[in-house]
Each structure stands twice: as C-alpha cells, then as structure tokens.
Amino acid sequence: MLTHSDLHQTDIHQTDLDHSIHEECGVFGIFHSGDCEAAPDIYYGLCALQHRGQESCGIAVCDTEGPRGNISYHKDMGLAGEVFHSDILTSLKGNIGIGHVRYSTTGASTAKNAQPLVLNYLKGTLALAHNGNITNSESLRQTLQENGAIFHSSTDSEVIACHIARERTRTACVEDAICKTAEKLKGGYALVVMSPRKLIGVRDPFGLKPLCLGRREGSYVLASESCALVAVGAEFVRDIVPGEIVTITKDGIHSDTRLVQTKRAHCIFEYIYFARLDSVMDGIRIYDARFHAGKALAASCPADADIVVGVPDSGLTAATGFAEASGIPFALAFYKNSYVGRTFIKPTQKERESAVHMKLSVLSSVVRGKRLVLIDDSIVRGTTIAGLIRMLKEAGALEVHVRISSPPFLYPCYYGTDVPSNEQLIASSRTSEEICAQIGADSLGYMKIEDFRRMTGELPLCKACFDNQYPV
C-alpha cells in the first residue's frame, strides 16, 4: 500500500489581480558534499522563485550520513517568508534537500496538496517536488488504484511519486524507477527527487518546463530558474537537457539521456511572462527576450503617441523596447505598492476593483494631457486591462493605445500554465476591434506569432495557446 504523510487542511483562495495567467510551481534542490545544512539555502532559493507560486511552499531534507529514510520536512500555505521562521529552518537537519513553491492548476489550494511530497514505501523513502502538468494523470492514477494505492490528494504530483515508488519495488535503483515512470508521463514537467543518498533532477523530453544546474564549491544545485542559483551564491553550469535525468551523489554527477529526443517545445510564456527578469533560460536572457518583443511590437503595430508606458511589472521591459524602436519617450505611469502583499478574492466586483487600486495608482502628472501607448504582456479576460485604461483616462490621459507583447490567447494550456478554458478567453469569441471597444482603448495591437523569433531566435517553442499546435 502506497501512502504519504498528510497535513491539516486549510482552504485559502487567492488571486493576483495584477495578472490573470499563472505558472504552476517552482522547484529547488541542493546537495552539500560536506556537513552544511541544506534548509537555509533552500529557503533562499524558494524566495528567489516566489514569483512562480504564492499559494504554498515546503522544504524536505535528509542527512546522507544519517539513518536511511530519515527525511524531515515542513510545508504549509503561504509565502516562504510566512511559512519558514528561523526555528523551523534550524529544526530541518540535513545536507541534502528539495523545496517547492506552488500555484495550483490541478488539485485544490489546500495544505494537503503542498509539496514536497514525502513517501514511505517498501524499499525506503523519497521526497518529490514537481512543476508542470501531466495530461494522462487520471489513467495513471487508475492503474495505481487498481493495484491498491491510496491517494491523499488530487494532484498529478502524487501520481508521479506513487509510480516511482511502485517501480522502485522492481528496479535496481531509484534512477531506473524514475526513468520507467517518466516513460509513462505525457505533458510538461520538471522534477526534483530526493532519496536518502541522492538528489535527482528530471526534465520532460520536450523541455516544456525549465530546470537548470548550478555549482557552489563542493555543492550542486537544481532550480527552475538561474535567478535561484544566484540567490545561494551558486554558479550557473547549464540547463538540464530536455529528457535528461541527472543524479547527484557524494561521488559527483551522472547524466542519463535515455529519454532525450530530437523534438523540443519550450514554453513561450516563460519568455513572455513567467520567468524572472534576471534569469537566463535555455541560452536566452529573459530581459533581452522581452525587450526585443517590445521592439517587434513597435515595428508591426506603431502608434502616434506622446509617451510609452508599461503595466507593472510585466509590461515594463517590453515598453522600453517599444520606446527605443519607436522614438517615443518611455515614462512610468503607475506606482505599484509593494507592501500590500497578496490580494485575496473579494466577494464583489467593487471590492475587487478596490483591491486593484490598493496595488496600483496612476501618476497623474505624467499622463495628464498625454496620448499613451500602454504595453502589457497579455489580455486574458480583459477585465484587468479595462480597469487600468479607465484609471489612466480618469487621471487625464487623452488617448490610450494598447499594445500586447504576445498574440491573442485563443486556446487553453494543458501543461501546467493556468490559461483558462476557451469560454473565458476574451479573444476566442471577439475580434480585436470588439476587444478594443470593450476594454475602452483607442486602439489595440498584438504581437505577431512570427515575431517570436525576435525574442528567442531559433529555439523550438510550444505556442499552443496561440496557434492550437500542441506538442504532446
């Protein structure tokens, strides 16, 4: 029987009113070859990855020289700074560990779905943290249930962990169990797995989800983004190759490339929005990608205006690119209050609008009497951008010409990005002219799909949410 430790349930529902598209998770792992404690570094790594998930977080650690199977962990709802205090970090003893920040796309937003998952099974214990979404998880879950597995959550992450545990009962090592499990998985995923003596990283064969490797003296680090390596003083070594399984032990690093394939499909939205501005991902600097997106917008969708402004924080870099290419001056139109914290769902539309005003205020002296180009990375439902346009015009802006550094969202994502169903995507049922009128803009222009090359060069991309061409 496969089970894992359960936590108390606490329902906390939230929304980020600055944006309507969310990543699912961020993962982090570290292996110290000496007697250094892993938990403090994992905490700093999670803080650096906090933009990838703000619902829950967790850390699991183990002492590679201690008793086998002695994994200690702590996880709960909230931000890393809320969940982990010095006494908790001090109590997590071990030189190897993994961490996770979560935004849920499968499974409810409850403490029992927080990660890492810790499993006790016939051959020992393991901990797992997962970013992504498995499209065939229900059939895999059914197979396990038919063989007596008991699940404590509705997440596909638990399905992966239980399949690894099941395969481990008939394989020589945990790496083989992970490989056999990965062969069954369809979708996008980046995994960090900890056994009592090993740290293992896995990236899906298409490269839909990011994972990179870093080094600090005798320690090795796995992380969703390179910015987390910098946070712990580690040097970027390389991106994990799509399909690669990397095992880190006291003897060094071993790479298993059995699942590596030719076809790749890196998620374009990492470069449009998800990744932190100072990260480098699969050879592409995120700042450069967004800056070039703004330049491409200026070329394909010019506007006659006095200043270029961006929606904080997602639209600012593209706005600087648009300004440089167009010759129109860049300006800051909004002040973002960084001290409000998370904005929870309010019961009425009026209260939701008030929450937006708490986070963003217009610099009226900048926009009054001006024609603006307003840059943002996406329009999903249209409600947020409509509110911002209204705020700008109430502050005295004469015109607001909206330019979006991505094409119109037309299709849902199945690989771990919270793009809603077609019915909720404003562009799926309205023309650009109709959207422009609905949001109150004076004009509207989107980035063209063919301009993605300006952002990422020849990197093979998954852009299914724009063109309906799903790689899996």
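- A donor-acceptor contact closer than 3.5 angstrom is absent between the side chains of N120 and T125.
- Judged by distance alone, the side chain of H130 and the main-chain N or O of L191 form no donor-acceptor pair under 3.5 Å.
- Scanning all heavy atoms of the two residues, the minimum distance from G188 to K209 falls at C-CG, 3.7 Å.
- Aromatic rings of F466 and Y411 (six-membered ring for Trp) have centroids beyond the 6.0 Å cut-off, not under it.
- Between atom CG of residue L259 and atom CD1 of residue I178 there is a gap of 11.0 Å, rounded to the nearest 0.5 Å.
- Rounding to the nearest 0.5 angstrom, the gap separating the SG atom in C465 from the OH atom in Y415 is 10.5 Å.
- Under a 3.5 Å cut-off, the side chain of T143 and the backbone N or O of S139 do form a donor-acceptor pair.
- Closest approach of L229 and A223 over heavy atoms only: CD2-CB, 4.0 Å.
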Step by step, would you call E158 with T155 a side chain to side chain contact (heavy atoms under 4.5 Å, CB included)?
CA-CA 6 Å; E158 187 179 15; T155 65; 3.7 Å; yes

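- Sparse packing is recorded around OH of Y44, with 12 or fewer heavy atoms of other residues, nucleotides or ligands lying under 6.0 Å away.
- With hydrogens and angles ignored, the 3.5 Å screen pairs no side-chain donor or acceptor of Q261 with any backbone N or O of R264.
- Of the possible polar contacts, one joining the N136 side chain to the K184 backbone as a donor-acceptor pair under 3.5 Å is found.
- Side-chain contact check for T171 versus R166: every heavy-atom pair is 4.5 Å or farther apart.
- Here the OG atom belonging to S137 is positioned 11.0 Å from the CG atom belonging to L144, to the nearest 0.5 angstrom.
- Looking at S56, its side chain never comes within 3.5 Å of a backbone N or O of R102 through a donor-acceptor pair.
- Taking CD from E225 and CG from L211, the interatomic distance works out to 11.0 Å, rounded to the nearest 0.5 Å.
- Summarising the local packing, CD of E217 is surrounded by 12 or fewer heavy atoms from other residues, nucleotides or ligands at distances under 6.0 Å.
- Side-chain atoms of R52 come within 3.5 Å of backbone N or O of C25 as a donor-acceptor pair.
- Residues K359 and N337 fail the side-chain proximity criterion, which asks for heavy atoms closer than 4.5 Å.
- Panel note: side chain N95, backbone H32; a donor-acceptor pair is recorded below 3.5 Å.
- No side-chain donor from either of N131 and H100 sits under 3.5 Å from a side-chain acceptor of the other.
- Taking the six-membered ring wherever Trp is involved, the centroid distance between the rings of F274 and F269 falls below 6.0 Å.
- Of the possible polar contacts, none joining the R290 side chain to the A319 backbone as a donor-acceptor pair under 3.5 Å is found.
- Annotation: side chain of L425 is in contact with side chain of V380 (closest heavy-atom distance under 4.5 Å).
- Residues D313 and K336 have side chains in contact (heavy-atom distance under 4.5 Å, counting atoms from C-beta outward).
- Y446 and L297 make their closest contact through C-CD2, 3.8 Å (heavy atoms, listed as atom of the first residue, atom of the second, distance).
- With hydrogens and angles disregarded, no donor-acceptor distance shorter than 3.5 Å links the side chain of D41 to the backbone of I30.
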Run the salt bridge (Lys or Arg N to Asp or Glu O under 4.0 Å) test on E235 and R216 for me, step by step, so that the C-alpha distance in whole Å, both residues' side-chain angles and the decisive distance to 0.1 Å come before the verdict.
CA-CA 6 Å; E235 172 192 6; R216 188 185 72 190; over 6 Å; no

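- By the neighbour-count criterion of 12 heavy atoms within 6.0 Å, atom CZ of R453 is sparsely surrounded, having that number or fewer from other residues, nucleotides or ligands.
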For K250 and S33, what are the C-alpha separation, side-chain angles and deciding distance, and is it a side chain to side chain contact (heavy atoms under 4.5 Å, CB included)?
CA-CA 6 Å; K250 65 179 181 179; S33 58; 5.9 Å; no

I would like to know whether D256 and K180 meet salt bridge (Lys or Arg N to Asp or Glu O under 4.0 Å); could you show each step before the answer?
CA-CA 12 Å; D256 183 335; K180 286 185 175 296; over 6 Å; no

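- For R285, the CZ atom counts as loosely surrounded, since its 6.0 Å shell holds 12 or fewer non-hydrogen atoms of other residues, nucleotides or ligands.
- Side-chain contact, E175 with H254: no donor N or O sits under 3.5 Å from an acceptor N or O.
- Remark: the backbone N or O of T181 is not paired with any side-chain donor or acceptor of E167 at under 3.5 angstrom.
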Determine, step by step, whether L277 and T317 satisfy the side chain to side chain contact (heavy atoms under 4.5 Å, CB included) criterion, reporting the C-alpha distance in whole Å, the side-chain angles of both residues, the deciding distance to 0.1 Å, and the verdict.
CA-CA 9 Å; L277 198 59; T317 305; 3.3 Å; yes

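- Here CD of Q142 is found 5.0 Å from CD of E146. Values are rounded to the nearest 0.5 Å.
- Side-chain polar atoms of E244 and S255 form a donor-acceptor pair below 3.5 angstrom.
- Between A129 and G99, the shortest heavy-atom distance links the atoms CB-O, 3.8 Å.
- When side chains are defined from C-beta on, I286 does not count as touching V280, because their heavy atoms never get closer than 4.5 Å.
- Aromatic pair H74/F84: centroids less than 6.0 angstrom apart.
- Using a 4.5 Å heavy-atom cutoff, the side chains of K198 and I248 are not in contact.
- Judged by the 6.0 Å distance and 45° axis criteria, R141 is positioned over the aromatic ring of F151.
- Summarising the geometry of I98 relative to I42, their closest heavy-atom pair is N-CD1, 3.6 Å, with the distance given to 0.1 Å.
- No side-chain heavy atom of R381 sits under 4.5 Å from any side-chain heavy atom of I426.
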Step by step, would you call L459 with Y271 a side chain to side chain contact (heavy atoms under 4.5 Å, CB included)?
CA-CA 11 Å; L459 189 73; Y271 304 94; 3.3 Å; yes

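- Looking at F291 and T320, their side chains come closer than 4.5 Å, going by heavy atoms from C-beta outward.
- No donor-acceptor contact under 3.5 angstrom links the side chains of D377 and S405, judged on distance only.
- To the nearest 0.5 Å, atoms CD1 (I88) and NZ (K75) are separated by 14.5 Å.
- Around the CG atom of D87, the shell of radius 6.0 Å holds more than 12 heavy atoms that belong to other residues, nucleotides or ligands.
- Here the closest non-hydrogen pair linking S279 and S226 is CA-OG, 3.3 Å.
- Under the side-chain contact (heavy atoms from CB on, under 4.5 Å) test applied with I200, the options I164, V246, T249, T247 reduce to a single match, T247.
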